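The structure under discussion appears below in the form of structure tokens.
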Number of protein chains: 2
Amino acid sequence: MSPQPPSTVTIRDVALAAGVHVSTVSRALSPDKRGLISEEVLRVVEEAAQRLGYRPNRAASALRTGRTHTIGVLVPDITNPVFPPILQGVEASAAARGYFVFVTNVMDPALARPVVERMLAQQVDGLVMAIAMRDDPLIDYLQKAGMHTVLVNRADESGRLPAVVSDDRLAMKLAVDHLVAAGHRRIAHLAGPQNVPTGVARRQGVEQALRDRGLALAAVAECESYSREAGRQAMAQLLAQNERPEAVVCCNDLVALGAYDLLRAQGLRVPQDISITGHNDMPLVDMVDPPLTTIRLPHRELGWRAAEMLFDEIEGKSLSASTVVLRPELVVRASTRRVP
Amino acid sequence: MSPQPPSTVTIRDVALAAGVHVSTVSRALSPDKRGLISEEVLRVVEEAAQRLGYRPNRAASALRTGRTHTIGVLVPDITNPVFPPILQGVEASAAARGYFVFVTNVMDPALARPVVERMLAQQVDGLVMAIAMRDDPLIDYLQKAGMHTVLVNRADESGRLPAVVSDDRLAMKLAVDHLVAAGHRRIAHLAGPQNVPTGVARRQGVEQALRDRGLALAAVAECESYSREAGRQAMAQLLAQNERPEAVVCCNDLVALGAYDLLRAQGLRVPQDISITGHNDMPLVDMVDPPLTTIRLPHRELGWRAAEMLFDEIEGKSLSASTVVLRPELVVRASTRRVP
DNA sequence: GTGAAAGCGCTAACAG
DNA sequence: CTGTTAGCGCTTTCAC
């Protein structure tokens, strides 16, 4: 018994069919107000709504209440495998709580502002942002606009907005400790873009972990983006510098794979000639040659938690923790060797 | 000079500031109606709107016009690397035309109906569906509901709805011809789920291509989903059947990788003991061991075209071609060998 | 070329 | 517990 698909049946039609006033229908169909309605009427209304295939018009209720039950998500690049699981987490939470999610790709940070403007016009109830830059003016803008926002993956260093992130410093410490324990000493870093919070946090994490072991960073090269091509280029730079490192901690998997590309082109073998670590444990890095030692993140949970925080805030349910830091873990595979 | 972020400035505020009536403001700010307004007034209104940071409330205009400038996209699983580029294409088109895109993961086909119901309630202007099943009743439902819909990736075999797809039969022909040209004769197929249009089309494509060469399908096993694990299981089944095939055409890359997994576990080498082909050319299959011979699809264009068709239909701009078929191409790598 | 007025469908006071 | 009333912000006749 599925309801009629077609037509536009409004609350008035239901009211007429049920022989009650529209406001009664509205109440009867509202989860928190249905307590005010008699059993009797409740039944009649629900039956009528069901029979007519009534679906409350969200645009109308949005206009009246100012709440659209929609949120926006801004990601830098959906094709980067880090984001789909985050999105999935966000969407799972949203679906469970009756929200829809606008997904937008913001490949160029300069385009973020217009996207946000459109989101505001669209009356979204909140935003999940995965594109924060360091000292991003967009964050001030969002706060002034009173838009509920939760950052994900990248936190704002000055803590202006709540965020759900992975512990980048710990991640790098895990990688460094693994390499040091395997006997490596000359350890270099392929750093992420230093205008992005994760880029600096990971670099600092590498440096700190090394210091803790009484070592210094052997060399470093900055990638201009978190991409395979950028990794290739940065690796070339690294190799052009003085002595070749024994191991390279990369800011992420794509960059590590770019390093693979360059090393192969130069006839160098991983891990015999050089050990490599990544970050993210994206799909298939267990199948590349050699399988990549990397850091696994709870991506889906990142998205889920960020969304939950956002909905709680939207619904005034709680003043949630300002920043949630999730724990990454090391996954040892075959791109790192133990020195004899 | 950026407009004020805060507050809720309405069309009335602009009208007041500009000293004109709200309807005049509405007209002045509407791209097609601004011709009706004098130069003079146009300037004044635009200046006022700019100064006050006016952003038309989409919920209000949606209620009035019935158009929300939003569409929904239904994908089976965002973490499947096929979909992000499709989504990106959809979103690029949407952004260019002033629409937002609701993205939903519909992992279980049984959940499609409720999602669609919510989309209808949300008043989306149209749908891009990547989750059509064979003889899907959802398609009838959408038509009866009068929802503008374009299918992508998977077409409806009875052509009830417009679709943008890749030529699955050609794709399989490319793979088969490549294997036959390389000297293979005993060719098997790891088929996709037969309740999904692509699953049957690809299987038929393999069979037809083989027939064209005067060969018969050596063996076939059906995967219960397009996943690595399903590929592993199906490959096990295939091997359990009589004589081992020389080559296996897989319904997609993930399945091919699952086949890799099983083969490796059994001590069989690709391509020395068996050649493997995939479909999709998803990221990183050029880096797995061995690099996968596969079929490349114009995924982004698939999404873009589907969205463009949808918007044209929504805006009554054209009665676009009912089905657009894009051309896949063969990418030869190292998972297929030439028999001596 | 511009103003006046009505109303999209719904919810939230306010009465009763 | 239920009905009445008003109005969210915008677009669109219909007048002038």
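Naming: A, B, ... by sequence-line order, numbering from 1 per chain. In this text the structure is predicted, and so the values were computed from the model without any measurement. No hydrogens, no waters, no symmetry mates; every other heavy atom, side chains included, goes into these values.
- Put simply, B:K33 has a side-chain N or O that comes within less than 4.0 Å of OP1 or OP2 on D:dT12.
- Within 4.0 Å (heavy atoms only), A:S61 reaches sugar-phosphate atoms of the nucleic acid but no base atom.
- Atoms CD (B:Q122) and C1' (C:dC10) sit 14 Å apart, rounded to a whole Å.
- Between the side chain of B:R27 and the base of C:dG3, a donor-acceptor pair under 3.5 Å is found.
- Atom CG in A:N57 sits roughly 18 Å away from atom P in C:dG7 (whole-Å rounding).
- Heavy atoms of B:T65 sit under 4.0 angstrom from primed sugar atoms or phosphate atoms, though from no base atom.
- Among D:dC10, D:dT2, D:dG7, the nucleotide with an atom closest to any side-chain atom of A:L36 is D:dT2.
- Counting all heavy atoms, side chain and backbone alike, B:E313 lies closest to B:T149 at OE2-N, 4.3 Å.
- Of the two residues contacting DNA chain C, namely B:S38 and B:A60, the nearest-nucleotide position lying further toward the 5' end is that of B:S38.
- Of the charged side-chain nitrogens involved, none lies within less than 4.0 Å of a carboxylate oxygen, so that A:R43 and A:E46 do not count as a salt-bridged pair.
- Atom CZ of A:R12 has 12 or fewer heavy atoms from other residues, nucleotides or ligands within 6.0 Å.
- Whole-Å rounding puts the A:L29 CG to C:dG9 P distance at 16 Å.
- What separates NE2 of A:H21 from C1' of D:dT4 is a distance of 6 Å, to the nearest Å.
- For B:R55 against D:dG9, a side-chain-to-base donor-acceptor contact under 3.5 Å is absent.
- Using a 4.0 Å heavy-atom criterion, one finds that B:L63 contacts the bases of the nucleic acid, with or without backbone contacts as well.
- Relative ring orientation between B:F102 and A:F100 is described as tilted, the plane-to-plane angle lying within the 30° to 60° band.
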